[in-house]
Amino acid sequence: ILRSKDVTHAFFVRELRLKQDLVPGMEIPIHFTATGTGRYEVVCAELCGLGHYKMRSFLQVMSEEDFQKWLENMAAQQ
């Protein structure tokens, strides 16, 4: 579920051909299936203000086996 508290933003992952606009005050459900494993950059694709250039993150897509190992590792750290 994507949300924006301030202005319009856009969740964008180029390699997955995925783009969804976020509208302030709305909850936007998003569902997708990645086409392959890897590390993908997530950026805001809507010019949204002075901090726009800093709005970036990464999405890690892994195999089911690797995800289960990661999940077990996270649980052990709790």
Side-chain angles (χ1 to χ4, degrees):
I1 297 175
L2 302 174
R3 298 179 186 98
S4 173
K5 292 182 179 181
D6 52 4
V7 297
T8 301
H9 296 281
F11 178 89
F12 180 56
V13 184
R14 183 188 62 204
E15 293 84 359
L16 301 179
R17 299 181 62 176
L18 178 64
K19 182 176 183 276
Q20 176 61 59
D21 292 340
L22 290 76
V23 179
M26 293 181 67
E27 292 187 349
I28 311 291
I30 185 171
H31 177 81
F32 64 94
T33 301
T35 55
T37 60
R39 186 171 188 247
Y40 302 100
E41 185 178 25
V42 178
V43 298
C44 179
E46 183 72 33
L47 187 56
C48 58
L50 295 175
H52 173 70
Y53 73 99
K54 295 189 288 187
M55 293 191 71
R56 96 186 246 256
S57 186
F58 292 91
L59 169 69
Q60 182 70 42
V61 178
M62 54 184 72
S63 68
E64 184 66 32
E65 288 178 11
D66 288 341
F67 176 71
Q68 289 303 323
K69 289 177 190 174
W70 176 85
L71 200 57
E72 291 168 7
N73 187 28
M74 291 291 108
Q77 292 179 19
Q78 298 282 332

Participant: Could you pull out all residues at least two apart from Lys69 that satisfy side chain to side chain donor-acceptor pair (under 3.5 Å)?
Facilitator: none
Participant: Residues two or more places apart in sequence or in another chain: which of them pass side-chain contact (heavy atoms from CB on, under 4.5 Å) with Val13?
Facilitator: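 side-chain contact (heavy atoms from CB on, under 4.5 Å) check on Val13 returns Phe11, Glu15, Leu16, Leu18, Tyr40, Val42.
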Participant: May I have all residue pairs that pass salt bridge (charged side-chain N to carboxylate O under 4.0 Å, His left out) and include part of residues 37-48, sequence neighbours excluded?
Facilitator: Glu41-Arg56
Participant: Mind listing the closest non-hydrogen atom pair of Val61 and Gly36 along with its distance?
Facilitator: CG1-O, 3.4 Å
Participant: Which residue pairs pass the side-chain hydrogen bond (donor to acceptor under 3.5 Å, both in side chains) test with at least one member in residues 24-34, sequence neighbours excluded?
Facilitator: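 The answer is Arg3-Glu27.
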Participant: How many angstroms lie between CE in Met62 and CG in Leu71, if you round to the nearest 0.5 Å?
Facilitator: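 The CE atom of Met62 sits 10.0 Å away from the CG atom of Leu71.
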Participant: Output all residues satisfying side-chain contact (heavy atoms from CB on, under 4.5 Å) with Val23, sequence neighbours left out; order by chain, then residue number.
Facilitator: Met26
Participant: Look up atom CD1 in Ile28 and atom CG in Asp21, then write down how far apart they are to the nearest 0.5 Å.
Facilitator: 8.5 Å
Participant: To the closest 0.5 Å, what do you measure between NZ (Lys54) and SG (Cys44)?
Facilitator: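 Rounded to the nearest 0.5 Å, the NZ-SG separation comes out at 13.5 Å.
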Participant: Which atoms form the tightest heavy-atom contact between Leu22 and Ser4, and what is the distance?
Facilitator: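 In terms of heavy atoms, the two residues are closest at CB-CB, 4.0 Å.
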Participant: Taking side-chain contact (heavy atoms from CB on, under 4.5 Å) as the test, write out the residues that go with Tyr53, two or more places apart.
Facilitator: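 Listed in chain order: nothing, the list is empty.
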Participant: Using 0.5 Å steps for rounding, measure from the CD1 atom of Ile30 to the NZ atom of Lys19.
Facilitator: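 Between atom CD1 of Ile30 and atom NZ of Lys19 there are 11.0 Å.
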Participant: The criterion is side-chain contact (heavy atoms from CB on, under 4.5 Å); which residues satisfy it with Asn73, sequence neighbours excluded?
Facilitator: Gln77
Participant: Name all pairs fulfilling the ring-ring contact (aromatic ring centres under 6.0 Å, His included) condition that reach into residues 54-75, sequence neighbours left out, sorted by first residue then second.
Facilitator: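 Only Phe67-Trp70 qualify under ring-ring contact (aromatic ring centres under 6.0 Å, His included).
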Participant: Going by the salt bridge (charged side-chain N to carboxylate O under 4.0 Å, His left out) test, which pairs reach into residues 59-68, not counting sequence neighbours?
Facilitator: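 Output for this query is empty, none listed.
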Participant: Using a side-chain heavy atom cutoff under 4.5 Å and only I, L, V, M, F, W and Y, what cluster partners does Leu50 have?
Facilitator: none
Participant: Please give the remaining members of the hydrophobic cluster of Val43, linking ILVMFWY side chains under 4.5 Å, ordered by chain and number.
Facilitator: Phe12
